[in-house]
Amino acid sequence: MCSEKIDENLVSGSNHVSAEKKGKKLTLFEDLLHDSDAVNSNSDVFNGDSCPSDCESGVSGGENEIGNGGGEEIYGIITKNFVSSLGRSGFDAKIEGIHRIDFSSFVSRAKLQSFCIYSKAVGMKCDGDPNVKYAWFGGSKSEINAILSHGFCLPATNGSHGYGVHLSPVNQPVESLPLAIADEDGLMHMLLCRVIMGEMEAVLGGSEQFNPSSEEFDSGVDDLASPRKYIVWSSRMNTHILPEYVLTFKASPTHRAVLIAEEQRHLQTPRVPKSDWMPFPSLIATLTKFLPSDAIESISKFHSDYRKQKVTRHEMIQRVRLIAGDELLMAIIKSYRSKTKSSLNGVSRALGK
């Protein structure tokens, strides 16, 4: 085990829940903790309860499915789901410890109450369903300890989908794995959190968004149909995210993970289009004659992000189409190809071919 553990003053400290805690629930804000109107009964959270009790919680088999259970049963479910999910992504994982966050102190209870209040408020806004989900957050040992002590801090840089706290769905821990930096003993750490998602909006890769685009939305995802990233904006990170468990584990890539990485690199290898096309630098230079400077700056940034492999080619093209419009793009590309062919024919004739 590591010489400097996750701060045991901030977690329950063992892989089980004591008999004393099993019979004890938080009594503060009972109307919020047990108000059946606060959360839709079909919510992803604990049989319709978006606010955890002092001891009862669990994660079942499917995506964001929740079920009640005792301490050892819950730890077993979390372990099974985490290991199997990483296994499907090509990683061998071994759980070294699961620690329940301690909600017994005055400050931690205040955080819990705040989460419950915001959950109810978002639920009232969203027809009774705050859309609370389980999600993973990966970080270094020091970062996890800092979050448990002080809460989430402002992101130092833009993530792949805007400025905010990026988490991954409960069935996609592999998305948070790169951020779970191993400590000096090779141990990695993740937080299992409850997250108030509310009304979600799609956030494009490379976006510089840092708040909801309108009052209609509460959070972001990379893909509405099949999200692999949850984005909680910085202004809401310490009210809409409630860490509940700390997982300490080891993970190593299997041969399958290597094959997956090879396949992804192959898919990202630049391909010569079969339809009419033109080099992006030439396209951007031509677009400057038709579009305002802010639009050109946005297109140039997406092209730069693509070259740095921050966004995919498909994401870049979709953004350029959105900004410039298909009609203008097709006219420019056809004109370029026509001039190119004419130039090549002229060279051929000069060479007598």
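Values reported hereafter were calculated over all heavy atoms of this structure, with side chains retained and with hydrogens, waters and symmetry mates removed. Residue numbers start at 1 and run along the sequence shown.
- Separation of atoms CG (Asp183) and CD1 (Ile144) is listed at 11.5 Å; rounding is to 0.5 Å.
- Annotation: the span from Ser298 atom OG to Glu208 atom CD amounts to 8.0 Å, rounded to 0.5 Å.
- Classification of Glu199 and Lys125 as a salt-bridged pair fails, no side-chain N sitting under 4.0 Å from a carboxylate O.
- Residues in residues 316-325 take part in these salt bridge (Lys or Arg N to Asp or Glu O under 4.0 Å) pairs, two or more places apart or across chains: Arg321-Asp326.
- Between Lys229 and Asp223 there is no salt bridge, since no side-chain nitrogen of the basic residue lies less than 4.0 Å from a carboxylate oxygen of the acidic one.
- Scanning both residues, Ala135 and Leu167, for their nearest heavy atoms gives CB-CB, 3.8 Å.
- Taking 4.5 Å as the limit, every side-chain heavy atom of Asn171 sits out of range of all side-chain heavy atoms of Tyr134.
- Under the 4.5 Å side-chain heavy-atom criterion for Ile, Leu, Val, Met, Phe, Trp and Tyr, Val320 and Phe290 are members of the same hydrophobic cluster.
- Going from atom OG of Ser234 over to atom CZ of Phe152 covers 11.0 Å, rounded to the nearest 0.5 Å.
- With rounding to the nearest 0.5 Å, the separation of CD1 in Ile95 from CG in Leu247 is 4.5 Å.
- Considering OH of Tyr230 and NE2 of His166, their distance stands at 14.0 Å, rounded to 0.5 Å.
- Between Val174 and Arg228 the shortest side-chain heavy-atom distance falls below 4.5 Å.
- The minimum heavy-atom distance linking Ser114 with Thr239 is given by the pair OG-CG2, 4.1 Å.
- Of the possible polar contacts, one joining the Asp102 side chain to the Ser104 backbone as a donor-acceptor pair under 3.5 Å is found.
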The test is salt bridge (Lys or Arg N to Asp or Glu O under 4.0 Å); show your working for Lys250 and Asp92 and say whether it passes.
CA-CA 8 Å; Lys250 290 184 177 181; Asp92 281 331; over 6 Å; no

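- Here the side chains of Leu192 and Val170 are in contact, with some heavy-atom distance below 4.5 Å.
- When each of Leu287, Ile323, Ile333 is tested with Leu328 by the rule side chain to side chain contact (heavy atoms under 4.5 Å, CB included), just one qualifies, namely Leu287.
- For the residue pair Arg88 / Ser85, a side-chain donor-acceptor distance below 3.5 Å is found, with atom types taken as modelled.
- Looking only at side-chain heavy atoms (C-beta outward), Phe82 and Met190 come within less than 4.5 Å of each other.
- What you find for Met200 and Val221 is that their closest heavy atoms are SD-CG1, 3.6 Å.
- Expressed to the nearest 0.5 Å, how far OG of Ser119 lies from CG of Asp129 amounts to 9.0 Å.
- A distance-only check finds no donor-acceptor pair linking the side chain of Ser168 to the backbone of Glu175 [under 3.5 Å].
- The minimum heavy-atom distance between Cys193 and Pro243, with the atom names listed, is SG-CA, 3.8 Å.
- Here the closest non-hydrogen pair linking Ala180 and His189 is CB-O, 3.5 Å.
- Under the 4.5 Å side-chain criterion, counting only non-hydrogen atoms from C-beta, Leu242 is in contact with Phe103.
- Residue-environment remark: CZ (Phe217) exceeds the threshold of 12 foreign heavy atoms within 6.0 Å.
- Between Phe280 and Met316, some side-chain heavy-atom pair lies under the 4.5 Å cut-off.
- Apart from Val203 itself, the hydrophobic cluster it occupies contains Ile231, Trp233, where clustering links Ile, Leu, Val, Met, Phe, Trp and Tyr at side-chain heavy-atom distances under 4.5 Å.
- The backbone N or O of Ala331 sits nowhere less than 3.5 Å from a side-chain atom of Ser335 that would complete a donor-acceptor pair.
- Side-chain atoms of Asn131 come within 3.5 Å of backbone N or O of Gly198 as a donor-acceptor pair.
- Counting only heavy atoms from C-beta outward, the side chains of Val246 and Ile98 never approach each other to under 4.5 Å.
- In this structure, His99 has its ring center no closer than 6.0 Å to that of Tyr245.
- Within the 4.5 Å cutoff, no side-chain heavy atoms of Val195 are placed close to those of Val132.
- For Gly128 against Pro130, the heavy-atom pair with the smallest separation is O-CD, 3.6 Å.
- Residues His161 and Ser207 bring no donor and acceptor atom of their side chains to less than 3.5 Å of each other.
- Thr288 places a side-chain N or O within 3.5 Å of a backbone atom of Ala285 that can act as its donor or acceptor partner.
- In terms of hydrophobic clustering, with Ile, Leu, Val, Met, Phe, Trp and Tyr side chains grouped at heavy-atom distances under 4.5 Å, Met237 and Ile101 are assigned to a common cluster.
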